[in-house]
Every structure is written in structure tokens, then in C-alpha cells.
A.B. asks: 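Pasting a structure below so you can have a look.
These values consider heavy atoms only, across backbone and side chains, with no hydrogens, waters or symmetry-generated copies. Along the sequence shown, residues carry numbers from 1.
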Amino acid sequence: MKQLRVSHKKDLLGTAHFLNRRHAERVPAEFNLIYSGQHENGDLLMGDGRVVDLSQNGLGITGTDRVDRGMELTLFLYLPDGQDPLFVMEARVAWVKGHRFGIELLKMALRERNRLQYFLRSNSVH
């Protein structure tokens, strides 16, 4: 196995910046969701899982059903605010590692986006 050798501190900082492509801070979370989509072979997917962290642009999930990188999903997030599930019309799987995967939020109604932002502000650690 080839190892990456970093010779300068400047190189290390550039590598760290490259590896963390997130545009917004992730907030630790713990609530349920349902996700659905379609695999490339046409098989329908309906899974459930737990959100482990989130931001206004994405979330980290531990799910029950396998997803593929690049797959588009629809999400129902059961925020712990006592309201109906938050509906995300379109999301894309950014990365997959076993049952853990990251989601990029692409399309949601303004009302839902505002509700998510309010939830994030109410639960951020500052």
C-alpha cells in the first residue's frame, strides 16, 4: 500500500481543506428518517435510519438499506419538534461507507428549508 508523505505543514493544511468539502458546519443530531429512491437497475428502495449530524446543506445518516453514491433520494425527516415530518423533495448521496452515508440536500420547499434553518439555529452549540 502506497503511503502519502507530507513534507510541509502548508501541504497538510491544503490536504485537510481538500478532504473537508462541506460548506456549512454540521450539528450533531439524533432523530429518525425515511428515505426512498431507485437503484440504477430499477429496483425501488425504501429505507429508514437515523440522522447523526446535519447542516443546512446536508446530513449524515446511518441507514437500514444500501444506497449508492450519486443516487437521488426523497427524505422524510422526523425532527424532534413535534410537527409533521420535514419533506425533502430531492437529495443526492454524496458518499457511502457501509451503512453510513452522507446526503446533499438539493430541493425542498421554502417553508421546509426555513424550518430546518430554525431547527439548526435552535440546536447549534455556540
A.B. asks: Through direct or indirect side-chain contacts below 4.5 angstrom among Ile, Leu, Val, Met, Phe, Trp and Tyr, which residues connect to Ile34?
C.D. replies: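 Taking Ile, Leu, Val, Met, Phe, Trp and Tyr as members, Ile34 shares its hydrophobic cluster with Met46, Phe76, Tyr78, Phe87, Met89.
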
A.B. asks: Compare every heavy atom of Ala91 with every heavy atom of Leu75, then report the nearest pair and how far apart it is.
C.D. replies: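 Scanning both residues completely, I find the closest heavy atoms to be CD1-CB, 3.9 Å.
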
A.B. asks: Which value, rounded to the nearest 0.5 Å, describes the distance between Glu72 atom CD and Ser36 atom OG?
C.D. replies: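 Atom-to-atom, Glu72:CD and Ser36:OG are 12.0 Å apart.
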
A.B. asks: How would you list, by chain and number, every residue that makes a side chain to side chain donor-acceptor pair (under 3.5 Å) with Thr62, sequence neighbours excluded?
C.D. replies: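 Per chain and number, Thr62 pairs via side chain to side chain donor-acceptor pair (under 3.5 Å) with no residue.
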
A.B. asks: With sequence neighbours left out, what residues match Glu40 under salt bridge (charged side-chain N to carboxylate O under 4.0 Å, His left out)?
C.D. replies: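 Not a single residue meets the salt bridge (charged side-chain N to carboxylate O under 4.0 Å, His left out) criterion with Glu40.
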
A.B. asks: Test question: given the 4.5 Å side-chain rule for I, L, V, M, F, W and Y, name all other residues clustered with Val52, or answer none.
C.D. replies: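 Reading the cluster by chain and number, Val52 sits alone, since nothing else belongs.
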
A.B. asks: So which pairs with a foot in residues 48-75 pass ring-ring contact (aromatic ring centres under 6.0 Å, His included), sequence neighbours left out?
C.D. replies: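 Residue pairs with at least one partner in residues 48-75: there are none.
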
A.B. asks: If I take atom CZ from residue Arg50 and atom CD1 from residue Ile61, how far apart are they, to the nearest 0.5 angstrom?
C.D. replies: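 The CZ atom of Arg50 sits 12.0 Å away from the CD1 atom of Ile61.
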
A.B. asks: With sequence neighbours left out, write down each residue that passes salt bridge (charged side-chain N to carboxylate O under 4.0 Å, His left out) with Asp81, or none if nothing qualifies.
C.D. replies: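 Per chain and number, Asp81 pairs via salt bridge (charged side-chain N to carboxylate O under 4.0 Å, His left out) with Arg115.
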
A.B. asks: Just by distance, do the side chain of Thr64 and the backbone of Gly47 share a donor-acceptor pair under 3.5 Å?
C.D. replies: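 Pair absent, no side-chain N/O of Thr64 close to backbone of Gly47.
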
A.B. asks: With Arg121, which residues qualify under side chain to side chain donor-acceptor pair (under 3.5 Å), at least two apart?
C.D. replies: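 Partners of Arg121 by the side chain to side chain donor-acceptor pair (under 3.5 Å) criterion come out as none, since no residue qualifies.
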
A.B. asks: Please name all residues satisfying side chain to side chain donor-acceptor pair (under 3.5 Å) with Asp84, sequence neighbours left out, ordered by chain then number.
C.D. replies: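 Listed in chain order: nothing, the list is empty.
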
A.B. asks: With sequence neighbours left out, write down each residue that passes side chain to side chain contact (heavy atoms under 4.5 Å, CB included) with Leu106, or none if nothing qualifies.
C.D. replies: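 With neighbours one apart ignored, the set is Glu90, Arg92, Glu104.
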
A.B. asks: So, taking the atom named CD in Gln83 and the one named CG in Leu77, what distance separates them when rounded to the nearest 0.5 Å?
C.D. replies: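 With rounding to 0.5 Å, CD (Gln83) is 12.5 Å from CG (Leu77).
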
A.B. asks: How would you list, by chain and number, every residue that makes a salt bridge (charged side-chain N to carboxylate O under 4.0 Å, His left out) with Arg66, sequence neighbours excluded?
C.D. replies: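 Partners of Arg66 by the salt bridge (charged side-chain N to carboxylate O under 4.0 Å, His left out) criterion, ordered by chain and then number, come out as Asp68.
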
A.B. asks: Between Tyr35 and Val67, which heavy-atom pair has the shortest distance, and what is it?
C.D. replies: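 So the two residues come closest at CE1-CG1, 3.7 Å.
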
A.B. asks: Mind checking whether Phe119 and Val27 have side chains closer than 4.5 Å, heavy atoms only?
C.D. replies: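 SC-SC contact between Phe119 and Val27 ruled out.
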
A.B. asks: Check residues 96-103 and write down every donor-acceptor pair under 3.5 Å in which the side-chain atom is one partner and the other belongs to a residue at least two apart or another chain.
C.D. replies:
residue	atom	partner	partner atom	Å
His99	ND1	Gly63	O	3.1

A.B. asks: For Ala29, which residues count as a side chain to side chain contact (heavy atoms under 4.5 Å, CB included) partner, sequence neighbours excluded?
C.D. replies: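 If we apply the side chain to side chain contact (heavy atoms under 4.5 Å, CB included) test to Ala29, skipping adjacent residues, the hits are Phe31, Val51, Leu54.
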
A.B. asks: Can you tell me how far OG1 of Thr74 sits from CE of Met108, rounded to the nearest 0.5 angstrom?
C.D. replies: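 That separation rounds to 12.0 Å.
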
A.B. asks: Going by heavy atoms in the side chains, are Val88 and Leu116 under 4.5 Å from each other?
C.D. replies: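 Heavy-atom side-chain distance check fails, nothing below 4.5 Å.
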
